[in-house]
Amino acid sequence: MKLTHAPLRVSIGAFILNSGLSKRGLEGEAAQAVHGMAVGAVPQLEQLGPDRFAKVLSRGEIALGAALLVPFVPSLLVGAALTAFGAGLVQLYLKTPGMREPNSLKPTQAGTGLAKDVWLVGAGITLMLDALTHRRRAL
């Protein structure tokens with residue numbers, strides 16, 4: 001990991017790791033709520049039950065957060081994972097009713113929490129581009 005990637009990776013990694021750890025015991029109504037929102041954006045997730053989905057989501061966030069924090073995981077790899085994770089959250093924002101003002105990308109008050117996740121996509125792409133251009137200069 002380049003030293004210049006450390007602030008980005010540590011801040012985002014700690015945030016995502018904490019989010020995953022807080023979802024470890026998600027069950028019942030809380031798991032159903034998270035699952036229901038996800039199914040609205042990605043209908044295929046209906047195949048996973050709410051409790052199973054919550055466990056998979058928790059483990060995925062823990063793995064991504066840890067990968068961002070560990071310096072020997074290449075920035076290209078964690079950037080790609082972060083971009084995919086962020087894109088999923090942006091899809092959730094775009095497809096969940098009530099998150100955007102009518103006929104607009106502008107978030108409603110309820111949608112601001114999800115709309116801000118676009119920064120995860122930007123950070124992931126930045127890590128990937130920097131890794132790719134750094135590699136090209138080294139050759």
Side-chain angles (χ1 to χ4, degrees):
M1 170 174 45
K2 289 171 56 177
L3 183 59
T4 56
H5 293 179
L8 188 67
R9 287 181 60 164
V10 169
S11 59
I12 296 172
F15 188 88
I16 293 174
L17 178 61
N18 181 62
S19 179
L21 291 171
S22 71
K23 289 181 179 88
R24 280 184 302 178
L26 210 59
E27 294 177 338
E29 288 182 25
Q32 287 174 347
V34 170
H35 182 253
M37 207 167 165
V39 167
V42 183
Q44 296 84 345
L45 293 175
E46 181 73 47
Q47 297 173 5
L48 291 175
D51 291 339
R52 178 79 178 132
F53 174 76
K55 283 184 176 76
V56 169
L57 178 60
S58 172
R59 290 175 184 156
E61 287 183 351
I62 291 169
L64 177 56
L68 281 158
L69 292 169
V70 177
F72 58 80
V73 177
S75 289
L76 181 62
L77 179 63
V78 294
L82 184 59
T83 301
F85 179 72
L89 293 172
V90 170
Q91 182 176 0
L92 187 64
Y93 166 70
L94 293 172
K95 291 193 172 189
T96 302
M99 296 292 120
R100 297 180 292 127
E101 291 185 4
N103 303 315
S104 173
L105 290 176
K106 185 177 177 185
T108 60
Q109 187 135 8
T112 300
L114 282 174
K116 66 164 180 48
D117 289 331
V118 72
W119 62 274
L120 296 173
V121 176
I125 291 171
T126 297
L127 288 170
M128 289 190 306
L129 288 174
D130 190 61
L132 290 170
T133 57
H134 179 72
R135 184 181 302 164
R136 191 172 290 155
R137 280 180 282 183
L139 297 176

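What you see is a predicted model; the values in this text were computed from it and never measured.
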Search all heavy atoms of [X] against all heavy atoms of [Y] and return the closest pair with its distance.
{"X": "G98", "Y": "A110", "result": "O-CB, 4.2 Å"}
{"X": "S19", "Y": "S22", "result": "O-OG, 2.8 Å"}
{"X": "A38", "Y": "F53", "result": "CB-CZ, 3.4 Å"}
{"X": "V90", "Y": "V118", "result": "CG2-CA, 3.9 Å"}
{"X": "A31", "Y": "A54", "result": "CB-CB, 4.0 Å"}

Working to the nearest 0.5 angstrom, can you tell me the gap between [X] [atom1] and [Y] [atom2]?
{"X": "S75", "Y": "L132", "atom1": "OG", "atom2": "CG", "value": "10.5 Å"}
{"X": "T108", "Y": "L114", "atom1": "OG1", "atom2": "CG", "value": "9.5 Å"}
{"X": "Q32", "Y": "E29", "atom1": "CD", "atom2": "CD", "value": "6.5 Å"}
{"X": "L57", "Y": "R52", "atom1": "CG", "atom2": "CZ", "value": "12.0 Å"}
{"X": "T4", "Y": "D130", "atom1": "OG1", "atom2": "CG", "value": "5.5 Å"}

Donor-acceptor contact below 3.5 Å, side chain [X] vs main chain [Y]:
{"X": "H5", "Y": "A131", "answer": "no"}
{"X": "K116", "Y": "G113", "answer": "yes"}
{"X": "Y93", "Y": "L105", "answer": "yes"}
{"X": "H35", "Y": "L45", "answer": "yes"}
{"X": "R59", "Y": "V56", "answer": "no"}
{"X": "Q91", "Y": "A41", "answer": "yes"}
{"X": "R100", "Y": "L94", "answer": "yes"}
{"X": "T126", "Y": "G122", "answer": "yes"}

If the condition is side chain to side chain contact (heavy atoms under 4.5 Å, CB included), which residues does L120 pass it with, not counting sequence neighbours?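 Residues passing side chain to side chain contact (heavy atoms under 4.5 Å, CB included) with L120: I12, I16, L82, F85, L89, D117.
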
Heavy atoms, side chains only, cut-off 4.5 Å: are [X] and [Y] in contact?
{"X": "M99", "Y": "L92", "value": "no"}
{"X": "V73", "Y": "R9", "value": "yes"}
{"X": "L127", "Y": "L76", "value": "no"}

Does one hydrophobic cluster hold both [X] and [Y], with members joined at side-chain heavy-atom distances below 4.5 Å?
{"X": "F15", "Y": "L8", "value": "no"}
{"X": "V78", "Y": "V10", "value": "no"}
{"X": "M37", "Y": "V42", "value": "no"}
{"X": "W119", "Y": "L69", "value": "no"}

Partners of K23 by salt bridge (charged side-chain N to carboxylate O under 4.0 Å, His left out), sequence neighbours excluded?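 By the salt bridge (charged side-chain N to carboxylate O under 4.0 Å, His left out) rule, K23 matches E61.
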
